[in-house]
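Lettering follows sequence order; numbering is per chain, from 1.
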Amino acid sequence: MKDSTNNRHALVISKEYPQANFTWILSVVLAGIFLWNSFPTNTKELNPFVFSLFCAYMVTAVFQLFITLKMKKDLLSTGEIHAGTRRLGYVQLASLLTGNIFAATFAFNLINKRKTPEYTFAVYMLLTQLAVIAISSVNLFKPYVSDTFLIAMASLLLITLFHLVALILSVRYVREYSAPRWMSVLAIFLMATAVTGNLFALLLGWSLFMKARRFDSSRLLKWNVMWEKITRNSTAVLGMFFILLMLAISITSRFTFDYALAVENNYGAILQTPSLEYPFGTDNFGRDVFSRIVFGARISLLVGFAATIVPGLIGGFLGAIAGYYSNRIDNWIMRLLDILYSIPGILLAIAIIAAFGANTVNLIIALSVGAIPTYARTMRANVLMVSNYDFVDSAKALGASDFSILFKQVVPNSLAPMIVKSTLTIGGAVIATSSLSYLGLGVEPHIPEWGNILKVGSTYLESNSYLAIFPGLAIILLVLSFNFLGDGLRDALDPKLD
Amino acid sequence: MALNVASLFQQSYKEAQGKIVLQVLLFLAGFPVHLVIYFIYLVRKKDQTRDTELNNIRSELSEKQCIAQWHSEYVDQLVRKRNFLQENTSDKEINKVAEKLADERVEKEIARRTEEYFTQKGIRKETYLVYFHTLLERPQFLLVTLLPGVLMYAILLLTSNPFLTYIAERLIQSVLVIIGVAILVFTILYISPFDPASNILGESATQEQITAFNQLHGLDLSYWQQLWNAIKGIATFDLGSSFAGNEDVATSIANKFPVTLTIALFSVIMAVVIAIPVGILSATRPNSFLDYSFMFIALIGLSIPNFWQGLIFILNFSIKLNWLPATYSPSNHLSMIMPVVVLGTALTASIARMMRSSLLEIIHEDYIITARAKGLSKGQMLWKHAVGNAMIPVITVIGLLFGGMLGGAAVTEKVFNIRGIGSYIVDKQFIPDIPAIMGGVVYIAITISLVNLLIDILYAFLDPRIRSKINQS
């Protein structure tokens, strides 16, 4: 009797089991979407490509369900997952070929029983690299490619091989708190490959470096615990994966994609439906929508990050001062910020853009100004809390000046909620950017930006609806990723939940 | 009765001491009364005892060598501090600091002793404020000064009741914020590098035409004059005519505002009706399949851009299925469904998430465990003790998000071709039509402030925690 309750407990605390459920449900949903789209409404014919995707996803889902049931049986009978079940993960790795990233990450998770943060980083680093190559290789079907395409692809492939080696090595040699000394060389090379935008390589490299150089164990413990908390939340890691993938794409697209395809008019190929050559079709000027969306990621990320960092710094500074110094300063700053706070962000942005014109820099300024009060409030609340702690009193007793206490002791200790807040609001900034572009108030119309592409798409809604659907999906995926990551960070960093 | 009122005024007058802003306000409001009473006070004042007593104590202190003793004490302390911290301060500096400290202590000591002396003798410090305070006790004085001092009495009445004070403070705050908004928006539009005159009249306009245009719309006035006109216009609902089309801005806004407000209101109702039950269901079954699915859907709802959702709705429900009209018309109620759903989606998602986390937090409070321990069923516990308390932060969030929704309505209005205030502002921004943009933005900010003010005041009455907080302060 006691045994079975223990095993039930094992089912609840198992990290893999919820992810297994999540994976098969999502695979079924995706398969359903493919099935729905394999019968276009205007022509009653079956679309063979989409239908085969449906079949592949359905097979994955069924196999995934089988694994899940087997895991449940294992956990209930013995309290742990059998090695045989874990080996099924190798079979499930094949789902990577269909692009089912959920099943692939689950398979990687299942295969390895002993999960260090390095293993997770290495897996996602490899997956990011593979995804970048897959997206870039779509260009092979184009009539021509950019001059740097071949070199760029070759170096991407080499880096991928290197990442694969790093994955295998870190599975073999890295222990919870230590790694062989020679790995610091590997770590430095890994960090160097992060210039492709694959920041998982940077994380892995830094983590290996810390362990190989035998950093202070309390620091390693903190690092391990933090990442374990974040990676336990599979949606948060998937969010992070997609964001970093977008980042890597925006950097590598400079070399692997041809900008001319995205901006130059090609009257020979106007309003083409999706095909191998033009995966998402072409718009009313014959521009390739797929390339436009890939290049649009750059703008969305740039504006999203800039419109978060700028108000984060200004608002954080004001909030810190308001929270730390006297009541009078606090009152003045917060009352003035109340004025900004009472105008809805989008309206304030419209007013600022009306006054100074629509372009990317003004857009960033306009979005930043409206976001300052939110950050100031978050920072102020934290500073108020932290400045009552004992270490602040100690610093005072040691004779440190107010300014240095504030910025050396108080602010670093109240950053966690700011990071969570900014992750959650980047998504909002991305939506605001595309909304304003859609209204004609954001990025200049000739620049490929998701809102601009949608604006064109909205005029061809009846005849060429794909023009409006794909950029919208890109926006949703990016925003959803930021929201998932933000939720995961909040759960991991919130001391209340410890 | 009259005595009660008098003591009420006296009490709140006493409490006003120490609050400088309030004192100045009271003085200004009761200026005619103070003028007369001060004159009477001067005539009556013959009290010199206080000053002589002060001088007595001072000379007594210096005779006893107290001052010199304190000074040497301070020097000693400072020298030890210097040695301990190993600072480089000269003796001269230390002497100076010690002197200052000693002086401060003397002043304090004198004040303390005089106070002691007077309380012993039963004599009160006779100042104008005290004199006025004693006058307030008399009902006859109240009757005589009621008319000239009516403003002052109104303020005293407000400050006598913590609730009234709170409401008055919030009202004043809102008015100040709205004036701030008006100044901010006007300044942004004023420093704009664009020239409305040449935008409207075209490249070929002569200098005379431009001057005439600027004169007509008051654009040749100074910054302060234009700002004053703008604020006055907002307060009196007379914003003049728009630059293009020569229509009355206030009338256009009055025509368009109700459209936006109706849609926003229906969105809020939809959001509350859907999100609150969803939040409660999720919170009572945390980490279940239902909870995960609801929260997943809610997060997707938060991530969908309004305009894309609108386009997809039009594509599916208007073009493909032909169930609902693609554009809004006030006479057709069916055409309102899609805009309301689109505008309310993000709000629904936020409220559901907020409700879930707020209820989860409450369910783990001690008093809920107590409620369960005394034998309440889960349902009773939930509905009687948990949901009501969990709603408090949720309603605040609804108030705050309502503002964001009014602001974001511009995008939805453009998608469904609704002639609301949001699309009005967007249409006018290309010129830029200063009175129209200014009016639109400021009136929306006013609406939002009013909604939040209403919610705050409602709380002051409904939430016992806020009530006790107000009473304490």
Side-chain angles (χ1 to χ4, degrees), chain A residues 12 18 21-22 25 41 235 335-336 338-357 369-370 399 427-428 430-432 434-436 438-441 450-451 454-455 457-458 461-462 465 468-469 471-473 475-484 487 496, chain B residues 85 173-174 176-181 183-185 188-194 287 289 292-293 295-296 299-300 302-309 311-312 314-315 319-320 403-408 410-411 414-415 422 425-426 428-433 437-438 440-442 444-445 448-449 452:
Chain A
V12 174
N21 271 320
F22 173 75
I25 292 172
T41 37
T235 49
R335 291 296 85 75
L336 284 180
D338 273 353
I339 295 174
L340 271 186
Y341 194 69
S342 65
I343 312 175
I346 292 257
L347 270 189
L348 186 64
I350 292 176
I352 292 178
I353 289 167
F356 300 105
V369 170
V430 170
I431 289 188
S434 51
S435 301
L436 287 172
Y438 176 78
L439 291 177
L441 298 172
W450 293 344
L454 254 167
K455 190 180 162 78
S458 68
L461 202 55
E462 214 157 334
S465 51
I469 289 175
L473 285 177
I475 298 173
I476 292 184
L477 275 179
L478 187 60
V479 177
L480 198 61
S481 303
F482 276 115
N483 284 339
F484 272 134
D487 272 3
K496 252 195 286 180
Chain B
L85 291 177
Q173 232 176 45
S174 307
L176 287 180
V177 163
I178 287 164
I179 293 175
V181 168
I183 295 176
L184 179 73
V185 175
I188 289 173
L189 292 171
Y190 180 82
I191 55 179
S192 153
F194 297 126
N287 300 332
F289 176 71
Y292 277 131
S293 335
M295 287 306 118
F296 195 80
L299 209 58
I300 291 180
L302 268 186
S303 312
I304 294 186
N306 273 348
F307 58 103
W308 190 73
Q309 196 189 1
L311 289 176
I312 295 299
I314 291 176
L315 177 65
I319 296 176
K320 282 194 181 161
M405 213 168 70
L406 278 184
V411 184
K414 274 283 162 196
V415 173
I425 296 174
V426 173
K428 293 291 181 189
Q429 65 82 30
F430 292 101
I431 298 174
D433 207 328
I437 300 174
M438 167 105 187
V441 174
V442 174
I444 288 181
I448 295 167
S449 297
N452 287 326

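Across B/Gln429, B/Lys414, B/Met438, the residue that shares the most heavy-atom pairs under 4.5 angstrom with chain A is B/Gln429. The candidate with the highest count of non-hydrogen atom pairs below 4.5 Å against chain B, out of A/Phe22, A/Phe482, A/Tyr438, is A/Tyr438. Counting heavy-atom pairs under 4.5 Å between each of A/Gly440, A/Ser458, A/Ala355, A/Ser465 and chain B puts A/Ala355 at the top. Contact count versus chain B (heavy atoms, under 4.5 Å) is highest, among A/Asp338, A/Leu454, A/Ile350, for A/Leu454. Counting heavy-atom pairs closer than 4.5 Å to chain A, the top residue among B/Pro305, B/Gly404, B/Ala445, B/Gly440 is B/Pro305. Comparing B/Ile191, B/Val185, B/Ile179, B/Leu85 by how many heavy-atom pairs each has under 4.5 Å with chain A, the most go to B/Ile191. Of all the listed residues (B/Leu311, B/Leu302, B/Val177), the one sharing the greatest number of non-hydrogen pairs under 4.5 Å with chain A is B/Leu311.
A/Ser434 places a side-chain N or O within donor-acceptor distance of the main-chain N or O of A/Val430, the cut-off being under 3.5 Å. Although no hydrogens or angles enter the test, the distance criterion places no donor-acceptor pair under 3.5 Å between the side chain of B/Trp308 and the main chain of A/Gly451.
Annotation for A/Pro344 and B/Gly407: closest pair CB-CA, 3.7 Å, computed over non-hydrogen atoms. Closest approach of A/Gly370 and A/Leu348 over heavy atoms only: CA-CD2, 3.7 Å.
Side-chain contact between B/Leu176 and B/Gln173 is absent, with no heavy atoms from C-beta onward closer than 4.5 Å. Side-chain contact check for B/Val415 versus B/Asn306: every heavy-atom pair is 4.5 Å or farther apart. Residues A/Thr235 and B/Leu299 are not in side-chain contact: their nearest non-hydrogen atoms beyond the backbone lie 4.5 Å or more apart. Two residues are said to be in side-chain contact when any heavy atoms from C-beta on lie closer than 4.5 Å; B/Ile312 and B/Ile304 fail this criterion.
Taking the ring centroids of A/Phe484 and B/Phe296, they lie under the 6.0 Å cut-off.
Residue A/Leu478: no heavy atom, backbone or side chain, is found under 4.5 Å from chain B. With a threshold of 4.5 angstrom between heavy atoms, B/Leu184 approaches chain A through side-chain atoms but not through N, CA, C or O. Proximity to chain A is limited to the side chain of B/Ile437, based on heavy atoms less than 4.5 angstrom apart. For A/Asn21, no part lies near chain B; criterion is any non-hydrogen pair under 4.5 Å. Contacts between A/Leu473 and chain B at a heavy-atom distance below 4.5 Å involve backbone atoms as well as side-chain atoms. Interface residue A/Phe356: backbone and side-chain heavy atoms are both found under 4.5 Å from chain B. If you measure heavy-atom distances from A/Ile346 to chain B, the contacts under 4.5 Å come from the side chain alone. Proximity to chain A (any heavy atom under 4.5 Å) is restricted, for B/Phe289, to the side chain, taken from C-beta onward. For A/Leu436, no part lies under 4.5 angstrom from a heavy atom of chain B.
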For this session: Go through B/Leu315 and A/Ile469 one step at a time and tell me if the side-chain contact (heavy atoms from CB on, under 4.5 Å) criterion holds.
Result: CA-CA 10 Å; B/Leu315 177 65; A/Ile469 289 175; 4.1 Å; yes
